[in-house]
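Below is one structure; the comments refer to it alone.
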Amino acid sequence: MKFSPVSSLRGSLTIPGDKSISHRSVMFGSLAQGTTEITHFLKGADCLSTISCFRSMGVEIQEKDGKILVHGRGLRGLKRPEGVLDCGNSGTTTRLLAGILCGQDFDSVLTGDASIQKRPMKRVIDPLSRMGANIVSVRGDGCAPLAITGSPLHGVSYSTPVASAQVKSAILLAGLYADGETRVTEPARSRDHTERMLSAFGADVRTEGTTAVIQPARELYGQKIQVPGDISSAAFFLAAGLITPDSEILLKHVGTNPTRDGVLRVLRQMGGRIETISQSGGDGEPAEDLLVRSSDLHGVEIGGEIIPTLIDELPVIAAVACFAQGETVIRDAAELKVKESNRIDAMVRNLAAMGADVTETEDGMIIRGGRPLHGAVIDSRDDHRIAMTFAVTALAAQGETDIPGWDCVRISYPEFERDLAGIIA
Ligand code: S3P
């Protein structure tokens, strides 16, 4: 796929549904009694992997009038899957399912694509094992495939070394099946969709600072869920609007949960003109209409507690930093190395290929902005967020940018090209 510079971006967009919330709606809906009706579900490949895993455990999931209907089987109603559960490229599917499967009364095996089979799973194996789970890495390398033998679970109090919503959620989901209270403490607060949504489904879950606490559940109850637009997908258009001249883009109904909105805080701090036009959603999952305009940007320091709230947006923030005057320092972001690809390495090398002044550090990177960028051939590493980051960067660079392996964008944003084409003035 090739991208060229544009002189202006104008128009409005409805961003596809949030990936994290879409996964959880299918998972919790499957474990609930009754039907869960999901509006604006993200039909990206990752969420389709979650649907296919639950279908193979006997859950009936239909699409009707643009909505997804999950006919829940209750907390103890899943069936033993016929074969291996294939989580595709999805870390969320793999880790959250691991938490769910440990407390079932059947055995299962979880795996995924080449990238998933390299991602660290010890971070869920360790705490789940402490709860009494029987879960092993089949090859013994701490990665998937994971073999799980369902067993009785105990409540634990666990401090995670990394702020990770996938780890926290795996433990909380296992906690639904435990014999007592389960507590998870994080070094900084990660996204809290599991806590908010499980509470709506009827679980007894609460938050105390950076600790999430859950009680064992007897039943969950099906819900109607309106999935907000994914702020991680909106981030590409926020970036595009800021760095492309003469641009004004309205992004409608973007999820702005405070554990996810770090990208807005940082881009505004950089001088980005991003205006909140309206707000909705209340306490459930808040959402906003956002108006973004071309802006004069300056560098910032990004580190500490804000990192988990913008972890998936750091690649595109790094790209924006190339168009900002002065230095941007990203630190405390070593987690980027264990995402769908090593995103520090992928960003540093590809930005350098476009002429940026960027240095890799232990836990992030330093970008000295203001140099004009030129088109290049991008090594996307089959990572959807890297591919889309460079599509956006190309809009404000000189000459053509080629992104082989573009197909990976189907993971989180199958309609990206169509949406981009719709705002090129
Ligand atoms: C996610 C949590 C984050 C994020 C991922 C989705 C989730 O991962 O990067 O894209 O849905 O819980 P970690 O838990 O590994 O930080």
Side-chain angles (χ1 to χ4, degrees), residues 16-28 41-42 44-47 49-50 87-100 112 115-116 118-128 142-144 158 160-173 184 186-198 210 212 225 227-228 230-236 255 257 259-263 285 305-317 332-344 346 363 383-386 388-389 408-409 411-413:
D18 185 272
K19 183 153 76 69
S20 293
I21 297 173
S22 295
H23 279 299
R24 286 162 173 81
S25 340
V26 168
M27 292 180 180
F28 306 167
F41 178 81
L42 171 66
D46 268 9
C47 301
S49 294
T50 292
C87 304
N89 189 244
S90 172
T92 306
T93 311
T94 312
R95 297 198 178 107
L96 271 61
L97 251 185
I100 292 171
S115 155
I116 273 294
K118 282 192 226 125
R119 295 183 65 187
M121 294 298 153
K122 211 172 156 324
R123 52 179 63 194
V124 289
I125 296 174
D126 286 350
L128 293 172
C143 300
Y158 186 76
T160 63
V162 286
S164 158
Q166 293 177 358
V167 172
K168 172 177 64 178
S169 302
I171 300 168
L172 293 177
L173 286 163
V184 191
E186 300 186 277
R189 196 133 177 240
S190 66
R191 62 190 68 188
D192 66 356
H193 306 301
T194 295
E195 296 90 309
R196 287 176 189 240
M197 293 175 68
L198 275 182
T210 61
I225 297 170
V227 182
D230 196 328
I231 193 167
S232 301
S233 299
F236 300 113
N257 177 315
T259 61
R260 293 285 298 284
D261 70 351
V263 63
E285 284 290 352
E305 285 192 352
I306 201 168
I307 293 292
T309 73
L310 46 62
I311 190 73
D312 292 342
E313 295 71 69
L314 281 171
V316 80
I317 290 171
D332 304 320
E335 272 295 295
L336 287 179
K337 296 181 188 171
V338 292
K339 294 295 177 186
E340 285 83 327
S341 71
N342 177 339
R343 288 181 174 165
I344 295 182
D363 60 354
D383 182 333
H384 53 129
R385 298 206 196 280
I386 299 298
M388 288 185 278
T389 290
C408 59
V409 305
I411 292 293
S412 64
Y413 203 155

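Residue numbers start at 1 and run along the sequence shown. All figures in this text were calculated on a predicted structure; none of them were measured in a lab. Ligands are counted one by one from 1 in listed order, and the atoms in each one are counted from 1 as well.
When only non-hydrogen protein atoms are considered, atom 14 (O) of ligand 1 lies nearest to S164 OG, 2.6 Å. Nearest non-hydrogen protein atom to atom 1 (C) of ligand 1 is Q166 NE2, 3.5 Å. With hydrogens left out, the protein atom closest to atom 8 (O) of ligand 1 is K339 NZ, 3.1 Å, a heavy atom.
Looking at H193 against ligand 1, nothing comes within 4.0 Å, counting heavy atoms.
Side-chain N/O atoms of H384 and S412 include a donor and acceptor closer than 3.5 Å. Side-chain contact check for S190 and S164: no donor-acceptor pair (N or O, by modelled atom type) lies under 3.5 Å.
Checking K19, R24, H23 against atom 7 (C) of ligand 1, the nearest heavy atom belongs to R24.
Remark: R123 engages E335 in a salt bridge, criterion side-chain N to carboxylate O under 4.0 Å. A salt bridge links R343 with D383: the closest approach of a Lys/Arg side-chain nitrogen to an acidic carboxylate oxygen falls below 4.0 angstrom. Taking a cutoff of 4.0 Å between a charged side-chain nitrogen and a carboxylate oxygen, R191 and D18 do not qualify as a salt bridge.
Residue S20 has at least one nitrogen or oxygen atom sitting less than 3.5 Å from a nitrogen or oxygen atom of ligand 1, judged on distance alone.
Using a 4.0 Å cut-off to heavy atoms of A165, the atoms of ligand 1 that qualify are 12 (O), 14 (O). Applying the 4.0 Å criterion to heavy atoms of D312 picks out, from ligand 1, the atoms 4 (C), 5 (C), 9 (O), 10 (O).
Considering CG of D230 and CZ of R260, their distance stands at 5.0 Å, rounded to 0.5 Å.
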